[in-house]
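Beneath this line is the structure, given in structure tokens, with notes to follow.
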Protein chains: 2
Amino acid sequence: MVRVIDLTMRITPSIRVFPGSPQPSFIPWSRFDSHGYDSEAVFMSTHTGTHVDAPSHFAPCLASIDMVPASRLVCSAVLIKAPKGANQLIEREDFENEPVREGEVVMIATGWEKRVAKSNYMTENPGLSEQAARYLARKKVNAVAIDGPSIDAGADSKFTAHNILLPRSILVVENLCNVSKISMTRFTLVISPLKLGGATGSPARVLALV
Amino acid sequence: MVRVIDLTMRITPSIRVFPGSPQPSFIPWSRFDSHGYDSEAVFMSTHTGTHVDAPSHFAPCLASIDMVPASRLVCSAVLIKAPKGANQLIEREDFENEPVREGEVVMIATGWEKRVAKSNYMTENPGLSEQAARYLARKKVNAVAIDGPSIDAGADSKFTAHNILLPRSILVVENLCNVSKISMTRFTLVISPLKLGGATGSPARVLALV
């Protein structure tokens, strides 16, 4: 039987969110003793926690998250180990040890996931250099996934990699955790955003099948 | 390569919701021309659209949705065809043609998914009889999934099947669509709720791998 590694952050009211995004709220909605069941509503950014960016996040005329075909959500993935510190760039050379194939998910393990509790997690994260983003665009990968809050370094206010990849319909998966638990280089990845009509992204369950 | 059938409803402000639940709202949050990217926040019940009920939905002391281990989210499933009309019960006898095995997902195709646009979709749906729910509980299945809004018939105000299955930690998956597109009896199912801390359920992406 397949083993499942859960790469998904838990969404709580105190989860770290991107600067300017609202903290999630859970609103009690029904009670077991009066309605027969407990339930709640949730309010959150569609880019909360482990999430997928749709092309429309940076290319408003392109596909929203509900328009991404399900066939793209179950895919082979390659793990690229590229340990990086604050604001360091993932360079073209970091992809030299493993072939990157058209149509696969490129998952980048920077190690930044270990810093999720630090004050600079959201603002000084590592990210792709322009040259590295252009390389992945040329490779026509299905998605780029990362163990930090953004594929762009915290210092990059121009969102260079987002602006290269999303207009080319390459998906972006951010805020992965547990990437350090993956011991193989290639595996099957399930990326499960909600099918939110017209939305620019969605929180997602992301599962590595190893 | 595996073929993926998406069993997930699109979540929109006009999606059919369970009586008493709020309609989802999408709130614009950032704009491409002023912030550099488009984004939105979403407000919705955690039981909106295709969703998973955690044990805590009907058994407040048991597991919330974030406590369900990821190993339960990728599972073999058996499809039980049991065509039913308004308020009709799925009976113990409907499970006689296929063996139901411990630890698998039992997916029930009632055909009610075709009635999603009808006025009685949410109020007169078919559901499990008490005897059928007790049979599935004895079988110790991982989850019961259905192509209607509830595993309990609309007329069943006591939520009989929920009250039998959830206290035994059997997951419930509701509001599936496209079940009629599955042509085989057994397949792998991926059930992907969000990891919402402490919540009684979550909207989910549900994918059949066939």
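Chain identifiers are assigned alphabetically (A, B, ...) following the order of the sequence lines, protein sequences preceding nucleic acid strands; residue numbering begins at 1 within each chain.
- B:D66 and A:R10 make their closest contact through OD2-NE, 2.6 Å (heavy atoms, listed as atom of the first residue, atom of the second, distance).
- Per-residue heavy-atom pair counts under 4.5 Å with chain A were compared for B:F159, B:F43, B:Y37, and the maximum is reached by B:Y37.
- In this structure, the portion of B:A204 lying under 4.5 Å from any heavy atom of chain A is its backbone and not its side chain.
- If you measure heavy-atom distances from B:S45 to chain A, the contacts under 4.5 Å come from both the backbone and the side chain.
- For B:I15, no part lies near chain A; criterion is any non-hydrogen pair under 4.5 Å.
- For A:R186, the CZ atom sits in a packed shell: over 12 heavy atoms of surrounding residues, nucleotides or ligands are nearer than 6.0 Å.
- Heavy-atom distances place both the backbone and the side chain of B:F58 under 4.5 Å from chain A.
- Contact annotation for B:F32: only side-chain heavy atoms (C-beta onward) come within less than 4.5 Å of a heavy atom of chain A.
- Closest approach of B:T200 to A:S39, counting heavy atoms only: OG1-CA, 3.4 Å.
- Ranking A:I5, A:D53, A:T8, A:V206 against chain B, the residue ahead of the rest is A:T8, based on heavy-atom pairs under 4.5 Å.
- When heavy atoms are compared at a cutoff of 4.5 Å, B:P13 does not approach chain A at all.
- Side-chain contact between A:S56 and B:D38: absent, with no pair of heavy atoms (C-beta onward) separated by less than 4.5 Å.
- Heavy atoms of B:V2 lying under 4.5 Å from chain A belong exclusively to its side chain.
- Here the straight-line distance linking atom CE of B:M9 with atom CG of A:L194 works out to 14.0 Å at 0.5 Å rounding.
- For B:H35, the part lying near chain A is the backbone, with the side chain staying farther off; criterion is any non-hydrogen pair under 4.5 Å.
- In this structure, the separation between CG on B:L73 and CG on A:D6 is 7.0 Å, given to the nearest 0.5 Å.
- For B:I27, the part lying under 4.5 angstrom from a heavy atom of chain A is the side chain only.
- Counting heavy atoms from C-beta on, the side chains of B:L196 and A:M44 come closer than 4.5 Å.
- The candidate from A:S71, A:P60, A:G36 with the greatest count of non-hydrogen atom pairs under 4.5 Å with chain B is A:P60.
- Distance alone, capped at 3.5 Å, places no donor-acceptor pair between the A:W29 side chain and the B:T46 backbone.
- Although no hydrogens or angles enter the test, the distance criterion places no donor-acceptor pair under 3.5 Å between the side chain of B:T12 and the main chain of A:G197.
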